[in-house]
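The structure appears right after this line, and notes come after that.
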2 protein chains.
Amino acid sequence: MDKIPRPVIRRLGLYYRCLSKLYEEGVDYVASRDIAERLGIKSSQVRKDLSYFGEFGKRGVGYNVAMLMEKLESIIGVDKYWNVIVIGAGNIGSALVNYEGLKKEKFNIIGIFDADRAKVGRKIGNLIVRHISELKEFVKKNIVEIAVIAVPETAAQYVVEQLEQLGIKGVVNFAPIKLRTHLLVEEVDITLTFKSLVFQVERKI
Amino acid sequence: MDKIPRPVIRRLGLYYRCLSKLYEEGVDYVASRDIAERLGIKSSQVRKDLSYFGEFGKRGVGYNVAMLMEKLESIIGVDKYWNVIVIGAGNIGSALVNYEGLKKEKFNIIGIFDADRAKVGRKIGNLIVRHISELKEFVKKNIVEIAVIAVPETAAQYVVEQLEQLGIKGVVNFAPIKLRTHLLVEEVDITLTFKSLVFQVERKI
DNA sequence: TAGATTGTTAATCGATTAACAATC
DNA sequence: TAGATTGTTAATCGATTAACAATC
């Protein structure tokens with residue numbers, strides 16, 4: 001199968017979100033131009049992106065909202081529930097467990113782990129913080145394909161190596177460090193985002 | 001002044017972080033090749049990126065770590081403290097207030113606001129949640145250039161319009177919506193990140 | 001049919017990388 | 001000097017966009 005450019009992958013999520021909204025608004029058919037306008041991109045980009053996966057539109061008419069939504073759901077892989085574990089029960093880890101957005105999008109956080117015995121046993125949302133030593137057993141008993149790394153930078157590399165051994169497939173990494181791993185990694189780098197913003201704020205003046 | 005490509009802006013932060021580490025490790029001089037290796041990019045990219053801002057290296061020798069670190073600090077704009085306000089005292093807003101990473105990088109969150117009266121008055125970190133109606137007065141009294149939008153999607157557009165009127169310059173947006181605004185915006189889209197990851201996880205099999 | 005919009009190709013734009021003269 | 005590494009140019013690569021024949 002064709003290699004899909006990274007920017008396209010991200011936009012698939014945007015298209016899906018846009019289609020969901022249109023569906024709720026009761027729209028039956030939508031043109032690439034309308035989708036593009038809502039997202040602030042070009043209509044030819046919408047059509048090109050979708051064309052990596054098939055022909056979903058009707059010339060002269062547009063795309064059937066419900067149909068395209070379902071197609072995108074299955075293309076992205078959110079037509080099923082995903083079990084997620086969170087490593088690190090600090091601020092970020094806790095916030096994710098309580099975050100409604102993930103639940104709504106079929107990401108179920110089923111376990112949270114920490115190395116700090118003081119945190120173990122605490123309740124976060126519906127979960128009890130487990131000690132990191134229980135991780136292996138937990139992953140054996142449950143189907144877990146993706147994990148969140150929300151530990152301090154110093155522990156992140158060690159954690160990703162553990163996850164690799166346990167057969168986890170992909171990681172969302174909140175630690176500000178380049179992980180050396182064969183796993184699929186998506187980075188969320190909060191302080192980098194703030195720095196990027198202030199650079200632009202300073203320059204604009 | 002030359003337009004700096006977006007990817008370069010992001011990498012500036014990575015370089016800065018890398019230099020800080022080298023500095024702590026007691027390294028005096030570093031070659032672009034070493035920086036590149038640590039970040040998983042090409043050395044010519046490091047040199048090209050830096051060349052947008054000046055000539056910081058010595059041929060045959062490399063870059064003086066302390067000097068380049070300071071230069072980057074000032075280029076990015078983190079040679080001073082930034083006051084930040086957070087709109088929305090839910091999960092994400094609270095987590096940010098308590099997040100050490102931002103404090104360490106000179107981003108001071110000095111106020112958190114919410115429209116929900118039930119949340120007003122609550123203590124989060126050192127802050128008391130204020131009602132959104134106090135926002136205007138607060139921004140008048142304090143120097144605030146950047147804000148975080150951590151409200152539900154339905155409120156985000158309204159909030160950014162308020163911020164625009166109050167003279168805020170830039171926004172870190174956690175709401176899953178394309179904001180229509182003249183302000184500088186950096187997006188942090190958590191569920192999109194998860195979707196992007198599962199797309200790749202599914203494809204890799 | 002006439003008007004609209006797709007899917008796709010080719011042109012354009014922008015970012016990355018290789019290569020190398022300059023120079024420490 | 002000989003070896004190393006920069007700064008910069010030109011080549012390459014990849015992504016976006018315009019344009020349009022196909023077709024609903």
Side-chain angles (χ1 to χ4, degrees), chain A residues 1-15 18-19 22 27-69 71-72 75 178 192 196 199-200 203, chain B residues 1-15 18-19 22 27-69 71-72 75 178 192 196 199-200 203:
Chain A
M1 219 169 294
D2 245 19
K3 210 196 150 290
I4 310 298
R6 277 217 133 232
V8 175
I9 299 177
R10 275 232 135 205
R11 283 195 297 269
L12 289 179
L14 293 177
Y15 299 149
C18 183
L19 269 288
L22 287 162
V27 179
D28 284 335
Y29 280 86
V30 65
S32 58
R33 196 149 71 90
D34 301 324
I35 298 174
E37 203 168 300
R38 286 180 179 235
L39 300 175
I41 60 179
K42 290 289 195 308
S43 69
S44 51
Q45 180 154 79
V46 175
R47 296 196 301 276
K48 178 117 229 282
D49 287 353
L50 294 176
S51 77
Y52 283 101
F53 304 98
E55 304 190 5
F56 306 119
K58 263 210 251 310
R59 285 156 204 247
V61 181
Y63 302 88
N64 179 291
V65 171
M67 184 272 246
L68 183 54
M69 199 176 74
K71 289 283 187 190
L72 283 170
I75 289 165
K178 166 85 188 167
L192 206 59
S196 182
F199 174 87
Q200 295 167 77
R203 290 235 139 188
Chain B
M1 216 169 296
D2 244 18
K3 211 198 149 290
I4 310 298
R6 277 217 134 233
V8 175
I9 300 177
R10 274 233 137 205
R11 284 194 297 269
L12 288 178
L14 293 176
Y15 299 149
C18 182
L19 269 287
L22 287 162
V27 178
D28 285 335
Y29 279 86
V30 66
S32 57
R33 196 150 71 90
D34 301 325
I35 298 174
E37 203 167 300
R38 286 180 179 235
L39 300 175
I41 59 179
K42 291 288 195 311
S43 69
S44 52
Q45 180 154 80
V46 175
R47 296 197 300 278
K48 178 115 231 278
D49 287 352
L50 294 176
S51 76
Y52 283 101
F53 304 97
E55 304 191 3
F56 305 118
K58 264 210 252 306
R59 283 154 205 251
V61 180
Y63 302 87
N64 180 291
V65 172
M67 184 273 246
L68 183 54
M69 200 176 72
K71 289 283 186 190
L72 283 170
I75 289 165
K178 166 85 188 165
L192 207 58
S196 182
F199 174 88
Q200 295 168 76
R203 288 236 140 189

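Chain letters run A, B, ... following the sequence lines, proteins first and then strands; every chain starts at 1.
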Identify the heavy atoms of A:Y15 and A:L72 that sit nearest to each other, and give their distance.
CB-CD1, 3.7 Å
Take B:R47 and A:Q45, find for each the nucleotide of DNA chain D with the closest heavy atom, and name the residue whose nucleotide sits nearer the 5' end.
B:R47
How close do B:D49 and B:R11 get, counting heavy atoms only, and between which atoms?
OD2-NE, 2.6 Å
Where each pair must be Watson-Crick or G-U wobble with both distances under 3.5 Å, what dot-bracket representation of DNA chain D is obtained, with crossing pairs in [ ] and other-strand partners as |?
..||||||||||||||||||||||
5'-most to 3'-most nt of DNA chain C touching chain A (<4.0 Å, heavy-atom partner on protein side) reads C:dA4 to C:dT9
Taking only residues two or more places apart in sequence or in another chain, which ones pass salt bridge (Lys or Arg N to Asp or Glu O under 4.0 Å) with B:D34?
none
Counting only pairs under 3.5 Å, give me each side-chain donor-acceptor contact of residues 36-45 of chain B, with atom names and distances, residues two or more places apart or in other chains.
{"from": "B:R38", "atom 1": "NH1", "to": "B:E25", "atom 2": "OE2", "distance (Å)": "3.3"}
{"from": "B:R38", "atom 1": "NH2", "to": "B:E25", "atom 2": "OE1", "distance (Å)": "2.9"}
{"from": "B:S43", "atom 1": "OG", "to": "B:R47", "atom 2": "NH1", "distance (Å)": "3.2"}

Interface residues of residues 53-69 of chain A with DNA chain D (non-hydrogen, below 4.0 angstrom)
A:K58, A:R59, A:G60
Closest heavy-atom pair, B:S196 versus A:I9, reported as atoms and distance to 0.1 Å, is OG-CG2, 3.5 Å
Residues in residues 32-41 of chain A with a heavy atom under 4.0 Å of DNA chain D, by number, are none
Could you tell me the separation between the CG atom of A:L192 and the CG atom of B:L12, rounded to the nearest 0.5 Å?
9.5 Å
Do B:K3 and A:R203 come close enough that some side-chain heavy atom pair is under 4.5 Å?
no
Measuring only between side-chain heavy atoms, which start at C-beta, is A:L14 closer than 4.5 Å to A:I35?
no
Using a 3.5 Å cut-off and no angle test, enumerate the donor-acceptor pairs between side-chain atoms of residues 50-67 of chain B and protein atoms at least two apart in sequence or in another chain.
{"from": "B:S51", "atom 1": "OG", "to": "B:K48", "atom 2": "O", "distance (Å)": "2.6"}
{"from": "B:N64", "atom 1": "OD1", "to": "B:A66", "atom 2": "N", "distance (Å)": "3.1"}
{"from": "B:N64", "atom 1": "OD1", "to": "B:M67", "atom 2": "N", "distance (Å)": "2.9"}

Residues which pass side chain to side chain donor-acceptor pair (under 3.5 Å) with B:R33, listed by chain and number, not counting sequence neighbours
none
